[in-house]
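What's counted below: heavy atoms across the whole structure, side chains too, no hydrogens, waters or symmetry copies. Naming: A, B, ... by sequence-line order, numbering from 1 per chain.
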Amino acid sequence: MTEHQRKFTAIKGMVDVMPPASRLWQNIEEAARRVFGCYGYSEIRTPVTEPTELFRRGVGETTAIVEKEMYTFEDQGGDSLTLRPEGTASVVRAYIESGAAISDPLARYYYMGPMFRRERPQKGRQRQFYQVGCELMGVDSPIADAEVMAMISHFLADAGASDIALEINSLGCPDCRPLFNKALLEFLKKSESKFCADCVRRLERNPMRVLDCKNEECRALTRHAPALPEYWCAACREHFDEVKRALSIMGVEYRENNRIVRGLDYYMRTAFEFTTTKLGSQNAVAAGGRYDGLVKSLGGPDVPGVGCALGMERLILLIEQKGIPLPPLDLIFFAVLGERARYEVLPIIQTLRKDGVRVEWDFAARSLKAQMRRADKLKAEQVVIVGDDEIAKCVAVVKDMRSGTQHEVRLADLPQHFVQIDI
RNA sequence: GUGGCUAUGGUGCAGCGGCAGCACAUCUGACUGUGGCUCAGAGGGUCGUGGGUUCGAAUCCCACUAGCCACCCCA
């Protein structure tokens, strides 16, 4: 195959959302806007690229994302830019840059859009993937953490997802987490040689990850590892208790899982995951937590924050698995016969569309049979048939596709006829 | 980055040394302007790419590429 006739394909791990799936996406986006709006959130739209340094500092130098998954490039001016691998760093940057962090620190933002991570693609994991996320800034109350979880849970239910469980944990704070890490590391070192190769590596990098290993032997070895809750400081313990209390009061079901870990450095205290068993190995549909030090570390005032991000593709997979068909759209199909009729009908179609009626027709002057077949395939509710006979009488034949009955309507009355029916 | 599986019309698959098929989809038609069901017909593939074995390769062998799934990581 020559370069000239080469067939282009989407870049590995980047996929097209084609109709009719795109409608499901629209519905979910709409649900997100509606639900988040009810909780006082406003949309924020940030650029998809940021200075590389923002993510290095925001996400964490030693995270897998920053170490080997970012799409980083130098632009023509010699600046190092990166396609955003997650949303929080950008939102926090904008929050600081706009001055909101100082003038209006209590802020609720939601966002949706593509994120980029260069991983090996598999089910529920792509290189360009779509996240819906929310950030609640300026509140350290544990009720805020619970409210975020309640909102996500509400949204997931509204979007039609089921079989999702909420798991929560507290990662401690800069005061108490180091103590736990130290104790854990000491414990793990004792049997270092018995762990799997991955865990030996984790042991150095992020000891808490070892607790997360799926390997049975590793799990057995860590069964009596130091427990995170034993190391929480009084403030962290109290905060977490309040989160749980608020969740219960709001009627949000959860399960405490002290082995939940976060892959991004900025999380502290509350960490949570909405997980499912229906997506293969990619079990997290949404995840988030509290990141009180982040705003300050990105150059802003010392303002706390909580947030959550949700994987659109995973949510869609979950909803698609349930196989709920989308209801057909209200559609009117014009079947037109003959050149004269085509031009007579054109302004009528235009008027209807301007009135908000969904109208389809066949550009090619095909047989009535072919046009009817097309109308049926598109699941048109009604078909308007206009040929020379009708033009002569200044009428159209309106056929109801469900009942199969049809009657004549004057051409001049068509706009009114359909607008009344549809709206 | 590592492993396993796969690659044949638009889609889903069969064929596993001897003329490239089926289903769905598409298009046309079934007493001339009426869909779904049925029936008849048509178009559409150098069998992922390159090499090798063979009289002969979609089929066997090798390499490459791509996709999927899993590890890893995460949403």
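- A straight line from CD of A:Glu273 to P of B:A75 spans 8 Å, rounded to a whole angstrom.
- Not counting sequence neighbours, the partners of A:Gln131 by the side chain to side chain contact (heavy atoms under 4.5 Å, CB included) test are A:Tyr111, A:Met115, A:Phe129, A:Ala309.
- Spacing of C1' atoms, B:A23 relative to B:C71, comes out at 37 Å, to the nearest Å.
- B:C27 and B:C62: their P atoms are spaced 44 Å apart (whole Å).
- Counting to the nearest Å, the P atom of B:C73 and the CD1 atom of A:Ile65 are 12 Å from each other.
- Judged by closest nucleotide on RNA chain B, A:Ser281 is the one of A:Gly288 and A:Ser281 placed further toward the 5' end.
- Taken residue by residue, residues 309-317 of chain A places heavy atoms nearer than 4.0 Å to RNA chain B at A:Ala309, A:Gly311, A:Arg314.
- Contacts between residues 117-130 of chain A and RNA chain B, counted as heavy-atom distances below 4.0 Å, involve A:Arg117, A:Glu119, A:Arg120, A:Gln122, A:Lys123, A:Gly124, A:Arg125, A:Gln126, A:Phe129.
- To the nearest whole angstrom, the two P atoms, one in B:U28 and one in B:G35, are 13 Å apart.
- To the nearest angstrom, P of B:A75 lies 19 Å from CD1 of A:Ile28.
- Across B:G43 and B:U54, the matching P atoms stand 38 Å from one another, rounded to whole Å.
- Among the heavy atoms of the strands, none lies under 4.0 Å from A:Ala375.
- Looking at residues two or more places apart in sequence or on another chain, you find a side chain to side chain contact (heavy atoms under 4.5 Å, CB included) between A:Asn169 and A:Leu171, A:Leu228, A:Trp232, A:Asn258, A:Ile260.
- A salt bridge links A:Arg290 to A:Asp292: at least one charged side-chain nitrogen sits closer than 4.0 Å to a carboxylate oxygen.
- For CD of A:Glu61, the number of neighbouring non-hydrogen atoms (other residues, nucleotides, ligands) closer than 6.0 Å is greater than 12.
- Following rounding to the nearest Å, A:Tyr267 (OH) and B:C73 (P) show an atom-to-atom distance of 17 Å.
- Between A:Lys12 and A:Arg127, the closest heavy-atom pair is O-CD, 3.3 Å.
- A salt bridge links A:Arg45 with A:Glu43: at least one charged nitrogen is closer than 4.0 Å to a carboxylate oxygen.
- In summary, A:Glu408 and A:Lys393 engage in a salt bridge, as defined by a charged side-chain N under 4.0 Å from a carboxylate O.
- Of the listed residues (A:Phe274, A:Phe36, A:Tyr39), just one forms a ring-ring contact (aromatic ring centres under 6.0 Å, His included) with A:Phe155, and that residue is A:Phe36.
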Take nucleotides 28-40 of chain B nucleotide by nucleotide from the 5' end and write B, S or -, depending on whether a protein heavy atom sits under 4.0 Å from the base, only from the sugar-phosphate, or from neither.
-> SS---BBBB----
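- Using a 4.0 Å cut-off between a side-chain N of Lys or Arg and a carboxylate O of Asp or Glu, A:Glu50 and A:Arg84 do not qualify as a salt bridge.
- Residue A:Ile143 places its CD1 atom among 12 or fewer non-hydrogen atoms of other residues, nucleotides or ligands, all under 6.0 Å distant.
- Within 4.0 Å (heavy atoms only), A:Gln282 reaches at least one base atom of the nucleic acid.
- Between A:Phe8 atom CZ and B:G48 atom P there is a gap of 22 Å when expressed in whole angstrom units.
- Other residues, nucleotides and ligands contribute over 12 non-hydrogen atoms within 6.0 Å of the CZ atom of A:Arg33.
- Taking atom P on both B:U2 and B:G17, the two are 34 Å apart, rounded to the nearest angstrom.
- We find that A:Lys278 and A:Asp163 are joined by a salt bridge, their nearest charged nitrogen and carboxylate oxygen being less than 4.0 Å apart.
- Atom name C1', nucleotides B:G12 and B:C19: the rounded distance is 25 Å, in whole Å.
- Here B:A70 presents its C1' atom at 15 Å from CG of A:Leu279, a figure rounded to the nearest Å.
- The distance from atom CG of A:Leu318 to atom P of B:A75 is 17 Å, rounded to the nearest whole Å.
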Tell me, what's RNA chain B's dot-bracket, Watson-Crick or G-U with both distances under 3.5 Å, | for other-strand, [ ] crossing?
-> ((((((((.[[[[.)..(..]]]].(((((.......))))).....[[[[[..)....]]]]])))))))....
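- Look at the P atom in both B:U59 and B:U8: the space between them is 13 Å, to the nearest Å.
- In this structure, A:Arg269 and A:Phe240 have side chains that are not in contact, with every pair of non-hydrogen atoms separated by 4.5 Å or more.
- For the P atom pair drawn from B:C61 and B:C22, the interatomic distance equals 28 Å after rounding to whole Å.
- Within a 6.0 Å sphere centred on OH of A:Tyr343, heavy atoms belonging to other residues, nucleotides or ligands number 12 at most.
- In this structure, A:Val386 and A:Glu390 approach most closely via the heavy-atom pair C-OE1, 3.9 Å.
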